[in-house]
Amino acid sequence: HVLAKSPGGRELVLLELGPETANAAKSLPAVFIAANMEGTVPISGEAALFLAKLVCEKADMRSDRTWYILPCGNPDAAAVYFGKPLRLDPRNARPRNDDQDDQTDEDGPDDLDGDGLITQMRVKDPEGAWIPVPVDPRLMKKADWAKGEKGVWKLYPEGLDNDGDGQYNEDGPGGVNLGTAFPHLFNFHAPDSGSWSGSEAETFALLKFFDLHREVGLTFVFGEANFCLAPPRGGRKGEADLNQIKVPENMAGFINADPNRTYTIVEVMDMVRPLVPPGMEVTESLIAGFLGLGAVVNPLEDDLKFYKELSEKYKEFLKAAKLDGKRLDPAPDKDGSLELYAYYQLGLPSFALDFWTLPEVKEEKAADEITPEKLEKMTNDEFIALGEEKIDAFLKASGAPDQFKAKQVIEGLKGGMMDTKKMAEMMKQMPKKPSAEGIDPKEKALLAGSDKELGGKGFVAWKPFKHPTLGDVEIGGAVPFTDNTPPAKMVDGLLKGQVPWVAEIAKKMARIKIADATVKRLGAGVYEVKAWVENTGDLPYPTAMGRRNGRVLPVIVTLGGQGFEIVQGKKRSLVPAVPAHGSQPVTWIVRAAKPIKLEVKAETRIAWGDSRTIDLGGAK
């Protein structure tokens, strides 16, 4: 299907595979996969096509569901990878006046040295903020004034000041990054965000597609984030002022609050904590939902349970495929992304998946140095026994905020507000700190990978150039795409080892069955009919977020047949949610003058459904 045409005239192509491709109305659930929404991750498009081939080859994958596969969600940006000079830009071809002057797209990058690459320029300047890294002058770092360092270089992207405004490459071709143009947490003020979410033909077509295709029950986004390795991140601040909360009068009495004063979120959490069942964690997200403080911006705890469980299984899957080597962490999910929209607003299980990051450069660590991996295996008491000095050193090395001190952590562990496993999980999500030499871990890995795998072709050595306005400059730096695109020889192995995980997750989709149905004779032609609606899948129906936003329709349970009357219950009953491997009963009291057959039917758009015939009064 051609869903839309990009501003650059390229088609947004969707592949549909399955037994109902000829049907306008679908009766089977569907899996939706989108790849390369930012147009800057070529391997993700290859992965989508690899998956399409896999579905075509394996009949069991497509026998009872539809697959919608979008191999390239941002065709304009993706085309840049195949053009010259090579540059990385996630924006589509929408003309946009970035610098708000009287011209549009007039000041983009220029290949000054003619090597076919857009890299960087560095120029010596007393006002510069950058210095070469002492242990490897190819790399640059921000001067740290606290260490007595003074910047001597300014950095620019390679190019000219084409419009003479004193800025370089500030208004290049292109307009909107489609990878961050979806409604959830859409940033209206980002330079590449577009006028509103869905402003582009490509994104609007996808929003419309999801609205029309309510059979989509599972989504994957192939790109740079990875919900399979690590659950969707939390920690975002909500819309409400969490330091000035007024508790509504109808809830104030329930938690012993004064409706006439304001509270901080911490104070409200302290009031709620004694009222919740033992073992239940009181979080900011929970309180925000309870008090209606605005849109949910963090994943719900019930959903994090299945994300965490599947994350552990995915790590085992990678180990079996011999792809569990140490590598840099995937990029965090971005506000306005399709994967966040699918989870928060469509209420669906949404998985992001990357396929490669640079291998981590091994660093020698002291045998007794604490790492997040070691912390995960320690008990609270073992960690506390290390003492404040060692704990403070660990927190600093892990990149914890400066206000996060050992004393505070120890009190939290003793009070049950945190434990070592949660701390380890939090530490793993923190960005890696620069090394003692000031080298960014990603840049260090890029150089190592370039030298080892690419014969140095992933980094252009700095060379002098006479710039028409800046004077003597040096041009060099990382080659675009080196940090997110593996060498060609690795691609087949990466796809064969990882793409099949999508099929494994698809097998875990919620699947609604009628587990049992019973009839109890009450006398005088009156019967109690009871059916158990079961979810045999490993994923809930729907997600906790789906229950909260109400977009996923309930399971519709009907009782059909001739010659009976429903005395109690409904002919069309709604079952809002069925947990994974759980069931929910539906009961009717019916009257029938003679033996008949009844049909109990459970219908859904995203989890198959089932039906069962039962005898009432001994009908044959």
Side-chain angles (χ1 to χ4, degrees), residues 144 146-147 230-245 247 255-257 261-291 293 296-301 304-305 307-308 329 332 365-436 441:
D144 187 348
K147 295 179 180 178
R233 65 189 171 101
R236 291 181 172 90
K237 295 294 182 184
E239 299 167 356
D241 182 351
L242 300 186
N243 292 314
Q244 298 286 326
I245 299 171
V247 180
I255 64 172
N256 298 317
R261 61 157 287 193
T262 60
Y263 296 89
T264 67
I265 189 74
V266 174
E267 289 173 325
V268 179
M269 289 169 70
D270 288 341
M271 288 187 283
V272 170
R273 200 168 279 115
L275 304 174
V276 302
M280 180 177 177
E281 186 180 3
V282 177
T283 64
E284 288 189 10
S285 178
L286 178 75
I287 299 300
F290 176 62
L291 297 179
L293 298 180
V296 180
V297 295
N298 294 306
L300 298 181
E301 287 299 319
L304 285 175
K305 290 175 186 175
Y307 275 116
K308 289 174 182 176
D329 294 334
K365 293 181 184 274
D368 62 345
E369 183 177 345
I370 311 167
T371 64
E373 289 72 23
K374 288 181 182 177
L375 175 62
E376 201 169 24
K377 297 175 182 176
M378 297 173 78
T379 65
N380 290 356
D381 290 338
E382 286 171 339
F383 184 70
I384 292 169
L386 294 172
E388 289 189 22
E389 188 177 339
K390 279 192 175 181
I391 292 174
D392 270 328
F394 164 67
L395 294 172
K396 185 176 180 180
S398 300
D402 291 339
Q403 66 269 25
F404 207 52
K405 301 296 184 185
K407 189 174 181 181
Q408 176 189 359
V409 171
I410 291 170
E411 288 175 358
L413 291 169
K414 288 180 176 178
M417 289 176 283
M418 64 176 76
D419 59 39
T420 50
K421 285 184 171 54
K422 287 180 182 176
M423 279 183 62
E425 189 177 315
M426 181 175 66
M427 295 299 177
K428 287 177 183 178
Q429 292 184 8
M430 287 181 180
K432 296 284 191 296
K433 289 189 72 175
S435 65

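These numbers come from the heavy atoms of this one structure, side chains and all, not from hydrogens, waters or symmetry mates.
Ala406 and Glu388 make their closest contact through CB-O, 3.5 Å (heavy atoms, listed as atom of the first residue, atom of the second, distance). Listed here is the closest heavy atom pair of Pro299 and Pro232: CG-O, 3.4 Å. The shortest heavy-atom contact between Leu304 and Pro231 is CD2-CB, 3.8 Å. Across all their heavy atoms, Asn256 and Met271 have their closest contact at O-SD, 3.9 Å. Across all their heavy atoms, Val247 and Ala257 have their closest contact at CG2-CB, 4.0 Å.
Residue Glu411 holds its CD atom at 10.5 Å from CD1 of Ile384, rounded to the nearest 0.5 Å. Interatomic distance, Leu413 CG to Thr420 OG1, rounded to the nearest 0.5 Å: 7.5 Å. Within the model, atoms CD of Glu382 and CG of Leu375 stand 10.5 Å from one another, a figure rounded to the nearest 0.5 Å. Atom CD1 of Ile391 is separated from atom CD1 of Ile410 by 4.0 Å, given to the nearest 0.5 angstrom.
By the neighbour-count criterion of 12 heavy atoms within 6.0 Å, atom NZ of Lys308 is densely surrounded, having more than that number from other residues, nucleotides or ligands.
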Working for side chain to side chain contact (heavy atoms under 4.5 Å, CB included), residues Met378 and Leu386: CA-CA 11 Å; Met378 297 173 78; Leu386 294 172; 3.8 Å; yes
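With sequence neighbours excluded, the residues satisfying salt bridge (Lys or Arg N to Asp or Glu O under 4.0 Å) with Asp270 are Arg273.
Counting only distance, with no hydrogens or angles, the side chain of Asn380 and the backbone of Lys414 share no donor-acceptor pair below 3.5 Å.
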